[in-house]
Amino acid sequence: MTIVCKFGGSSLANSTQFQKVADIVREDPDRRYIIPSAPGKAQKSDQKVTDLLILLYNMAIHRLSANEVLQMIEARYREIIDGIGIRFPLEAELDRIRNTIADGRVEKAYVLSRGEYLNGKILAAYLGFDFVDAKDVIRFDDDGFWDADATYRSLAAMASEHENAVIPGFYGANDKGDIFTFSRGGSDLTGSIVAHGVGADLYENWTDVSGLLAADPSIVNSPAKIHSISYQELRELSYSGAKVMHDEAMFPVIEKNIPVVIKNTNAKDEDGSYILGSVPEEAGGADITGIACRKGFDVINIEKYRMNRDLAFHRKVLSVIEANDLYLEHMPSSIDSVSLVISGRYLKNKTEQVLAELQTFTNADRISLDHNIALITVVGRNMKNRIGMSALIFKALADAEVNIRVIVQGASEMNIIIGVLEAEAEKSVRAIYDAAFSDALSNGEDLEYTE
Ligand code: ASP
């Protein structure tokens with residue numbers, strides 16, 4: 001059995017956290033390939049080392065002295081090394097970074113990747129595992145795109161040479177050795193790629209919470225924990241605003257159907273949440289797996305009498321969307337109207353132009369625009385087998401006196417999306433959560449809806 005473990009920044013923020021990580025790894029010899037993030041925050045006031053490295057880079061390109069920032073970074077690693085009691089040539093490693101910067105050869109990705117690189121080297125020394133530099137196994141092409149085939153070949157070769165290894169997260173390199181990073185939080189993705197590449201049986205993602213929650217705890221008081229969730233459900237939830245793993249991190253494990261478990265480094269024996277290709281029926285689970293909310297949408301409403309008789313109507317609308325590089329999230333329609341739900345971020349500077357073009361192309365009777373819409377996504381693989389789920393959601397919102405602006409239900413019946421005014425988003429999430437996670441429902445008993 002082979003387990004790939006990714007430890008996030010808070011799991012490796014200081015020497016105490018390193019000790020917890022070592023205990024976890026040593027507890028199970030199947031934990032063979034370890035992917036560390038850079039030291040993150042042990043407490044709120046801490047700085048993430050990656051943030052310090054970004055600062056370091058920005059100072060370096062403006063030719064400002066970055067000594068103080070380097071000292072802060074050094075202090076973080078010094079505490080770790082002294083606290084876990086290993087010998088490690090920290091000065092030599094930091095000198096290398098310092099010299100690169102002083103040379104004026106400041107490569108952003110190189111500087112940013114040093115947090116994971118140093119953490120990886122220290123963790124490998126502490127665990128007695130081999131250190132495998134991510135630049136040798138996570139491959140990018142010259143344009144900075146991740147190269148899946150080359151990476152998986154390198155990882156297969158790596159696994160045949162190294163029984164155990166620590167491979168830093170977040171970065172890789174092209175053939176020439178130029179470093180490239182993934183976007184922020186990218187160590188999740190490295191872990192998933194390594195799990196695929198070495199053919200792991202399990203990908204453990206260790207963080208500072210005991211799994212996934214059914215709603216955002218800053219909105220809902222102590223939300224229920226999700227025990228098992230399908231890849232698809234998780235993708236819907238994270239796309240809709242739930243902070244779980246890096247957006248792209250699911251793809252490599254999905255391709256090989258490798259289960260993922262989210263576990264808590266600070267409470268290692270607590271059950272985590274399992275993310276599976278498909279959750280077996282026996283696993284049960286609540287009708288609603290989770291609720292997520294994303295703000296910042298605009299809704300363009302186009303009304304035209306007998307719109308549905310005009311075969312070209314939708315094509316004309318979509319051509320305006322395409323020509324203006326807008327991402328269309330949803331497009332609910334009726335016989336005489338269609339609504340376009342678009343991220344406000346993209347529409348912002350083009351609103352007038354887009355509305356004018358829509359008017360010209362469609363010859364609409366009326367076009368109006370709603371700003372500041374929040375989309376609430378209610379996700380649940382079990383929903384399709386249950387009568388009354390929409391009724392439950394809409395009744396909860398009606399009771400909370402929320403006016404629903406948009407409704408979308410995918411044909412998969414795995415999610416119901418509701419658009420409300422941003423100002424009412426939190427209240428709406430709480431209302432749906434309270435209704436959905438009342439005892440009867442979460443126990444999977446029949447829903448009695450009497451009104
Ligand atoms: N250290 C990087 C970041 O802070 C990558 C990661 O932690 O996954 O984004």
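Counting starts at 1 for both ligands and their atoms, following the listed order.
- Note: an N/O pair closer than 3.5 Å links S187 and ligand 1 by distance alone.
- Residue I254 holds its CD1 atom at 9.5 Å from CD1 of I275, rounded to the nearest 0.5 Å.
- Heavy atoms of G169 come nearer than 4.0 angstrom to ligand 1 in no pair at all.
- Under a cutoff of 6.0 Å and an axis angle of 45°, R114 and Y117 form a cation-pi pair.
- For ligand 1, the atoms sitting less than 4.0 Å from at least one non-hydrogen atom of S37 are 6 (C), 7 (O), 8 (O), numbered in the order shown with element in parentheses.
- Taking only nitrogen or oxygen atoms, main chain and side chain alike, D188 does not reach within less than 3.5 Å of ligand 1.
- Other residues, nucleotides and ligands contribute only 12 or fewer heavy atoms inside 6.0 Å of the CD atom of E68.
- Nearest non-hydrogen protein atom to atom 4 (O) of ligand 1 is R184 NH2, 2.9 Å.
- For a threshold of 3.5 Å applied to N or O pairs, the pair formed by G185 and ligand 1 contains at least one separation below that value.
- Within the listing of ligand 1, atoms 1 (N), 2 (C), 5 (C), 6 (C), 7 (O) sit less than 4.0 angstrom from a heavy atom of E116.
- Between the CE atom of M414 and the CZ atom of R235 there is a distance of 10.5 Å, given to the nearest 0.5 Å.
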(request) Go through the steps to decide whether M250 and L234 satisfy the test side chain to side chain contact (heavy atoms under 4.5 Å, CB included), and finish with yes or no. (result) CA-CA 9 Å; M250 292 316 295; L234 182 74; 3.7 Å; yes
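- Within the cation-pi definition used here (under 6.0 Å to the ring centroid, within 45° of the axis), R26 qualifies as a partner of Y126.
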